[in-house]
Each structure stands twice: as C-alpha cells, then as structure tokens.
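Below is one structure, written out as structure tokens, with a few remarks after it.
Reckoned from all heavy atoms, side chains included, excluding hydrogens, waters and symmetry mates.
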Amino acid sequence: MAVAEDIQQDIVSWISENKSKPLFLNQLDEGQVYSYGVPRDVNGNELNKIIILIREISLQPNLYGSNHAQEEVASVQIQFFYPLERVPDDGENPVYYDFYGDVEKPILDYLHDKGGWSRTLGGGHDFDSDTEQIYSTYHIKKSINYL
C-alpha cells in the first residue's frame with residue numbers, strides 16, 4: 001500500500017485545480033510535493049516555493065475477522081514549509097499569507113472530502129533554525145477496509 005504516494009497525488013491534483021487562483025502567486029507548485037523525503041538538492045528558499053512533505057506514520061490493525069486484520073487505521077504526517085520571502089510576480093510589496101486559511105486548511109479539507117482523511121493533530125507554526133523557514137505539521141488518519 002502506498003498511502004503517502006496516494007496523498008501526494010491528491011495534493012498535486014488539488015494544486016493543479018487551484019493554481020490559477022491569484023493568492024498563491026506561483027509559490028505552490030505540483031513539483032514541490034514529496035512523499036517520504038525532500039531531495040537534498042531541493043531548497044524551498046532558493047526556489048521561492050512552498051514545499052509539502054508527506055510521510056506515513058503507522059498502520060494499526062483495527063478490525064479483525066478470522067484472526068486477520070480486516071481494517072487498518074493509516075496515520076500520515078503532512079508538513080508545509082514556507083519560503084523566506086513571499087514576493088509577488090510584480091516584485092513590489094511582499095505578500096503575507098494566512099498560512100492556515102490560504103494553504104493548509106483548503107488542502108486538508110480536500111483530503112477529507114476526497115479521501116476521507118481526518119485531522120488528528122497539528123497546526124501552529126514553528127521556525128526551523130537550520131533552514132530559517134516557517135513550517136507546520138499535521139497528522140491525519142483514515143480507516144482502510146480490506147473487505
């Protein structure tokens with residue numbers, strides 16, 4: 001089962017469908033959504049792009065039948081990394097997003113509506129001292145039935 005890759009593809013689809021909305025100013029790019037890890041040569045600050053990283057956390061058996069798991073609860077972590085400068089295409093005044101309302105919530109809502117993923121933990125923004133980027137982390141879960 002490739003849970004992270006499935007979510008990656010769903011997020012890429014959402015970005016493609018919403019890319020023309022002016023609020024993203026080309027900082028949300030289908031090519032900057034990764035599962036498991038971000039390649040070493042990718043730097044969101046240099047690209048001036050929002051990086052999205054998806055990682056599988058766990059698969060827990062949830063429902064048994066005939067001594068075998070018939071259902072599992074998949075837990076996944078999604079992280080949003082924001083570039084240092086948010087400058088519009090016209091090079092004028094920097095743009096400051098409502099990270100949650102403009103980027104995170106719409107994507108999380110899409111994953112819930114399309115795939116049944118529910119948020120369990122997350123939110124809030126932190127500062128990564130190594131990359132000097134603002135980032136946020138969410139955990140989502142979904143029951144996967146094998147019957």
Look only at the side chain of [X] and the backbone of [Y], and say whether a donor-acceptor pair between them is shorter than 3.5 Å.
X	Y	answer
Lys142	Gly115	yes
Gln32	Lys49	no
Glu56	Val3	yes

[X] side, atom [atom1]; [Y] side, atom [atom2] - distance, nearest 0.5 Å:
X	Y	atom1	atom2	answer
Gln70	Ser143	CD	OG	13.5 Å
Trp117	Leu108	CH2	CG	12.0 Å
Asn18	Ile107	CG	CD1	8.5 Å

Under 3.5 Å, is there a donor-acceptor pair between the Ser35 and Glu5 side chains? no
Testing the 3.5 Å rule here: is there a donor-acceptor pair between the side chains of Glu104 and Ser136? yes
Identify, with sequence neighbours excluded, every residue that meets side-chain contact (heavy atoms from CB on, under 4.5 Å) alongside [X].
X	value
Gln60	Ser58
Gln133	Asn45, Phe81, Thr131
Thr120	His139, Lys141

Check whether any side-chain heavy atom of Gln77 sits under 4.5 Å from a side-chain heavy atom of Tyr138, and report yes or no. no
side-chain hydrogen bond (donor to acceptor under 3.5 Å, both in side chains) partners for Thr137, two or more places apart: Gln79
Using the side chain to side chain contact (heavy atoms under 4.5 Å, CB included) rule, take Asp29 and Ile15 through it: C-alpha gap first, then chi angles, then the decisive distance, then the call. CA-CA 7 Å; Asp29 183 332; Ile15 292 170; 6.0 Å; no
In chain order, what residues pass the ring-ring contact (aromatic ring centres under 6.0 Å, His included) check against His112, with sequence neighbours excluded? none
Test: salt bridge (charged side-chain N to carboxylate O under 4.0 Å, His left out). Region: residues 105-124. Which pairs qualify, not counting sequence neighbours? Asp10-Lys114, Lys105-Asp109
Please report the C-alpha distance between Ile54 and Ile11 in whole Å, then the side-chain angles of each, then the deciding distance to 0.1 Å, and finally whether the side chain to side chain contact (heavy atoms under 4.5 Å, CB included) criterion is met. CA-CA 10 Å; Ile54 303 113; Ile11 292 174; 4.0 Å; yes
Leu28 and Trp14: side chain to side chain contact (heavy atoms under 4.5 Å, CB included), yes or no, with the steps? CA-CA 10 Å; Leu28 207 50; Trp14 182 88; 3.7 Å; yes
Do the side chains of Ile140 and Ile57 join up, straight or via other hydrophobic residues, at under 4.5 Å, putting them in one cluster? no
Please answer: with hydrophobic residues joined when any side-chain heavy atoms are less than 4.5 Å apart, are Val76 and Val73 in the same cluster? no
Determine whether Tyr82 and Phe99 satisfy the following criterion, ring-ring contact (aromatic ring centres under 6.0 Å, His included), listing intermediate values before the conclusion. CA-CA 9 Å; Tyr82 296 95; Phe99 296 126; 4.0 Å; yes
